[in-house]
Amino acid sequence: MSEPVLLDSNTHKNTRVLGDARTVVGPVSRNCSVITQEFQRLASHFPVLLTKNEDTGQFACVALFGFDPGENLFVEKDRWQVGYVPLNIRRHPFMIGAQTTPAGEEEHVMLIDMQSERISEQDGEALFNDRGFPTPFTENMTSVLKTLKDGFVETQDFIQALLEQEMIVPANFEIQFRNGERREINGLYTISQDALDALTPEQVVAMHRSGHLQAAYMMIASLGQMEQLIERKNQRLGA
Amino acid sequence: MTQPITSVVIVGGGTAGWITAGTIAAQHQSNTDAGLRVSLVESPDIKPIGVGEGTWPTMRTTLRKMGISETDFIRECDVGFKQGAKFAKWVTGADDDFYYHPLVLPQGFMHGNLAPYWQTNGHDKSFSAAVCYQEALCENGLAPKSIATPEYEAVANYAYHLNAGKFSEFLKKHCLEKLGVNYTCDNVTRVISKDNGDIAAVDTQASGEIKGDLFIDCTGFHGLLIDKHYQVPFIDKSDVLFVDSALAAQVPYSSEDDPIASHTISTGQAAGWIWDIGLQSRRGVGHVYSSRHTDEERAAEALTRYIAQSVGEARAKELSFRKIPIRPGHRQVFWQNNCVAVGLSAGFLEPLEASALVLVELSAEMISEQMPTCREAMDTIAKRFNQTFRYRWDRIIDFLKLHYILTQRTDNDFWIDNCDPDTIPDSLNELMALWRYQHPWDHDFTSRREVFPAASYQYVLYGMGFKTESDHIRLTPQERAFAQRQLQENDRITRMMVSKLPSNRALLNKVHDYGFQKL
Ligand SMILES: Cc1cc2nc3c(=O)[nH]c(=O)nc-3n(C[C@H](O)[C@H](O)[C@H](O)COP(=O)(O)OP(=O)(O)OC[C@H]3O[C@@H](n4cnc5c(N)ncnc54)[C@H](O)[C@@H]3O)c2cc1C
């Protein structure tokens, strides 16, 4: 297990990060957590759905990349081949951590995974300049992490609102690939179109103001990407 | 002119009273103006009995129908999951003597009977381990589901262990805040009758008369309406089931991460047995015994010895025991005039298969579903209710007795007397005569909504080493193949579940941290 460490201009003055946002690191997964702010861009490439965190049973919004565990139909030759890569992937090898200040307050800090394949001492993007200040690369990463941190909070609000209005429904797919193989996909959820249609004008206004209405429609619209995903799988199967 | 039923009065606020109130109020929309009026009166002086911690899987439906969140229930009533019962020392009394009565049916039970094949071919495993994966889950301390399983849904069928006192309080709050049940805290002092013998109202010490069209007696052993008022005879069953006394204790865990058993452990003793029920914050342990075969002092010693095995002698000796007398039996009828008895007022049998609360749930359900619309319709429904529940009590008595009659224990007259044919009901004797030659199956039980399915009888019979004579059993090749497939399937599912499910305590902790989703 890689143990991310606190990013620090002294410790990491010689550390560099190889590759770019499209470089694939670590084990490939069939989905990743996403935030409502990126729904619009995600929706033109991936199905965006809800799924449960196995460990907590809590819902999260995810973009779907494949059908089997570890299957990512957007990755080829260790690179993402798609117009938009979700922020939660682009952040690698950085992540957010929380620590308690001496005053007892919780603050967010930037961590780096030094075991990541993207870490180098020779090549790649430097993290700090000679004077110990963050490079534009690091600053950009800081802002990605900040967007994600705030985004996960907003996304949780969105999910909570959906749960309260009982708008989430299971999305079970029965897929047949062109080679004849049949697959049942369970454990995914989406938003009920019927529940959306049944909203009162007051609820519609409230959801519009909170941005949840747009996010909800984006999510439903993104289901159209399911066909593209099946097509990608068919191509892989050579069918 | 007909007399419509618009108001139901429940006397008693133990678990029976609140389950009945909640079930009726939820179905009949008592929180709306048009709904049936449901009122409950309980005494401020007489506390509910406060025991009764093991339930049936039916409780999940009962709670869901009342609109209760499973997460709230688990968090507030100190709940643990229950996946059946482990009977230890019931056959030989040796240390390695045990069998399971799990809640999951044998593999493929809806399509065929595995008992004949198991008996002739499958003897490397106990019956329950061969046909059902739940024993393995219990033996490994695993939960019946994961945190990602929606509320009330199961991976492996389950019931609950709960804190009875907290449960009544929890139900009361829900009934009053959500379901529109009217509440009076006062002593009922008198019954006011009509000319036809019906109850017109109950009078209270300080709150005046409470009128109603249907009265439900949930006053526990007091039997205020069914016994004191109507004097409906009590059918004593102590000649069949000898247990007549209980000593109950609450045993703390030694540490916060002690495993919590996900099944009730019931351990045979010289003159009775000990129940052991794992809640989140403590265990509920108690000894039920026959006072004709032992005395309180010896029973208390046995209980202390049992508890000492897990917490040490010093701590076991510090615990205080509560004595509760039990009178095994039930009313001759449960519904008399416009009054129905539900809960301990209707009767009680030793808690060997947690059959008390399930009878409360079934009674509440039938009263609610068949709620007479007017007084004129009531007598027919009362008759049907009495027939249904008499049948259920009789079947439960048979099934409880079954646990005793196959014992090989001879260390105390308690066990020897239990095997005396004169103490065995004819109905059970008849079934035993049949099962000597044929394995129990569905057609042995004819009633819709049988309390115990044929599977339960199989688990107990073959768990206790009963032999159905196999000389005349002829299995077709198809039946053999079916049985082989089911046993293999059970092996596969057992391995998968044991590797996937969290420990019982781990899941309970997660319910506290995150809760279950509704879907
Ligand atoms: C030792 C033991 C172990 C048990 N184990 C199990 C088990 O594992 N599983 C299971 O399902 N069941 C078990 N039971 C049975 C279970 O405890 C009861 O079925 C259940 O608690 C229901 O009790 P109740 O509500 O009928 O009575 P109680 O809890 O006694 O409630 C009686 C109510 O009536 C009220 N009342 C009485 N007189 C008056 C009056 N004059 N005016 C107003 N109100 C009055 C009281 O205030 C109280 O609210 C066990 C019982 C015993 C004794």
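FYI, side chains are in, hydrogens and waters are out, and symmetry mates aren't considered; it's all heavy atoms of this structure. Just so it is clear: chains get the letters A, B, ... in the order the sequence lines come, proteins before strands, and each one is counted from 1.
With a 4.5 Å cut-off on non-hydrogen atoms, A:E54 touches chain B through its backbone but not through its side chain. In this structure, chain A has no heavy atom under 4.5 Å from any part of B:P502. Only the side chain of A:Y189 comes within less than 4.5 Å of a heavy atom in chain B; its backbone stays farther off.
At least one donor-acceptor pair under 3.5 Å links the side chain of A:E71 to the backbone N or O of A:F67.
The only option from B:K82, B:Q83, B:Q134, B:K145 that meets the side-chain hydrogen bond (donor to acceptor under 3.5 Å, both in side chains) definition with B:Y158 turns out to be B:K145.
Here the two rings, on B:F482 and B:H111, have centers that are 6.0 Å apart or farther.
Legend: salt bridge (charged side-chain N to carboxylate O under 4.0 Å, His left out) pairs involving residues 196-212 of chain A, not counting sequence neighbours: none detected.
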